[in-house]
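Only one structure is covered here, and it is reproduced in the block below.
Source: prediction; values computed, not measured. Residue numbering restarts at 1 for every chain, and letters A, B, ... go by the order of the sequence lines.
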Amino acid sequence: MTVRVRIAPSPTGNLHIGTARTALFNWLYAKHNHGEFILRIEDTDQERSQDQYTQNILEGLKWLGIDYDSGPFFQTQRLEQYRAAVHLLLDQGLAYYCYCSEAELEQMREEQKAKKQAPRYDNRHRHLTKQQRTEFANAGRKPVIRFVIEEPRELTWLDLVRGDVTWNTRDLGGDIVIARVDDQGQVSLPLYNFAVVIDDIAMEITHVIRGEDHIANTAKQILIYEALGAEIPKFSHLPLILNAQGAKISKRDGATSVFEFQQMGYVPEAFNNYMVLLGWSDPNGREIFSPSEVAEVFEFERVNKSGARFDWDKLNWINSQYLHNMDPEILCDRLIPFWQAAGFNPNFERNWLIDLVKLIAPSLTVLTDAVDMARYLFIDNLEYTEEAIAILKAESVKPILIALAQALKDTPTLTPDSASSLIQSIAKSLNLKKGAIMKPLRCALSGDIHGPDLISSLLLLAQRGVAVTRIETALEIN
RNA sequence: GCCCCUAUCGUCUAGAGGCCUAGGACACAUCCCUUUCACGGAUGCGACGGGGAUUCGAAUUCCCCUAGGGGUACCA
């Protein structure tokens, strides 16, 4: 039997980190079993669904490199299938029209709450007579379709992550609404729990892999599978990604959409890597790996049962590892958009850019770090930090800078070696330590007392033809 | 309130009754490397939530407690 899995996001927001991780685990399981991975957009909530979010989800998955074998399918285009299934249940008496108004349901729940009972639908319209239904309809009430939930009944299923999970149908909150009815009295948009099952049956999904927040839905869905006489898939409920406080991660916790991580300068390789680590561990203890490498050994037996807190430090470390080891050509291409966004003009020679990338790569944690780090190499009018000004102002550094400027003018082709010896000889002639030369030079060239390797910086600036100018400009600081 | 789930260093985790004086990674600290900041290398710090039970022996099995999380819609 071919493994068929799916990711079913609803387009009510940008691609969420939780959705992305669920997608990744589905992808891993599909790849491990040479199965198929399907994308389905669950857009039945017309109030909240928006096309822009669908686009964002599609782009986000693409950015992450999570490719699917078929889809995207849209639930709003599958209305006929849902309608047919609803009628099937209606005809068998497994579903019925419920005419309760929202106010009525609200009041019922309030009363239950007051009596310290669990809020639930009391199935009051399950056995309406034809006459009662006509009366409600004539009174202008709009019905919904409810699915009959037999209770009590103990339901146990094997979850590939958690083992046996047991649920009593009496804790499901009464007969569930599975579809709405439109103004013409036609069965219209289905609700989540119903649409999911119809689609998973139609798409022959063998394994439902989703977040732990769906456990309660599983019982409801199994009942629908049974009512439809369909084969029940295997379920795997992944632990949730928690925030620093240990609660389900939400918009208040900073970044929650993949898009935001992209903007912050995280690379998809690192992001995927980190998401896999949140809840799964490699049997060989590796921590840096690609999705393909993980797919080879991925099993649900090694997925944790408890939620994992999102840790920025670890993500940052992983991202830095990828950046440090990335091919300079590739890294350069990824950096250029960030430099452009910062207003720099990276249209210098490719070789110059590659040298720059090699220079700063070991210091990068996120791509955006490269903006501040390379600013002094790109811009024309250098800005100086207070510490740099303090050093450049000192009378004692003037002769050093003058000597440096002269020496640079006398050295038409600067190489790493000639630059080093140039500094050495100035130190010797002025009877100073090398550090006493390096420090003012750094300040003059970069405007800061800290920064990337000085010799490399000097070379890069000299290639742009601005090294001498910078030193002369620094000389004017008082 | 009710239902379900979970519980090892600050964080992510390894651990399937003796291999555990509990291993690794991040973070943190110190040292080395280094003109600076980083990178890299080394060392250190640091945990089995509590109580019972089973057993010759429990981080690992069972029960209770506690704590945390999730769910409880005409959202998905």
Please classify the nucleic acid contact of [X] as base, sugar-phosphate, or nothing, using heavy-atom distances under 4.0 Å.
X	result
A:Ala118	base
A:Lys113	nothing
A:Ser363	base
A:Ser320	nothing
A:Ser49	nothing
A:Asp453	base
A:Cys98	nothing
A:Pro452	base
A:Gly211	nothing

Item checked: Pair A:Arg302 + A:Asp282, salt bridge at N-O below 4.0 Å -> no
Next item on the list: Answer with yes or no whether A:Arg48 presents, from its side chain, a donor or acceptor under 3.5 Å of a partner atom in the base of B:C75.
Entry: yes
Check: Counting only distance, no hydrogens or angles, is the base of B:A27 paired donor-acceptor with the side chain of A:Lys314 under 3.5 Å?
Finding: no
Notebook entry, point to check: What's the NZ-P distance between A:Lys220 and B:C74, to the nearest Å?
Noted result: 9 Å
Checklist line | RNA chain B contacts among residues 383-394 of chain A, heavy-atom distance under 4.0 Å | finding: none
Item checked: Pairs involving residues 160-181 of chain A, ordered by first then second residue, that meet salt bridge (charged side-chain N to carboxylate O under 4.0 Å, His left out) (sequence neighbours left out) -> A:Arg126-A:Asp175, A:Arg162-A:Glu212
Taking 4.0 Å as the cut-off, does a side-chain nitrogen or oxygen of [X] come that near to OP1 or OP2 on [N]?
X	N	value
A:Asn304	B:A14	yes
A:Gln117	B:C3	no
A:Arg146	B:C74	yes
A:Lys439	B:U36	no

Check: Quick check: are there more than 12 heavy atoms from other residues, nucleotides or ligands sitting under 6.0 Å from CZ of A:Phe259?
Finding: no
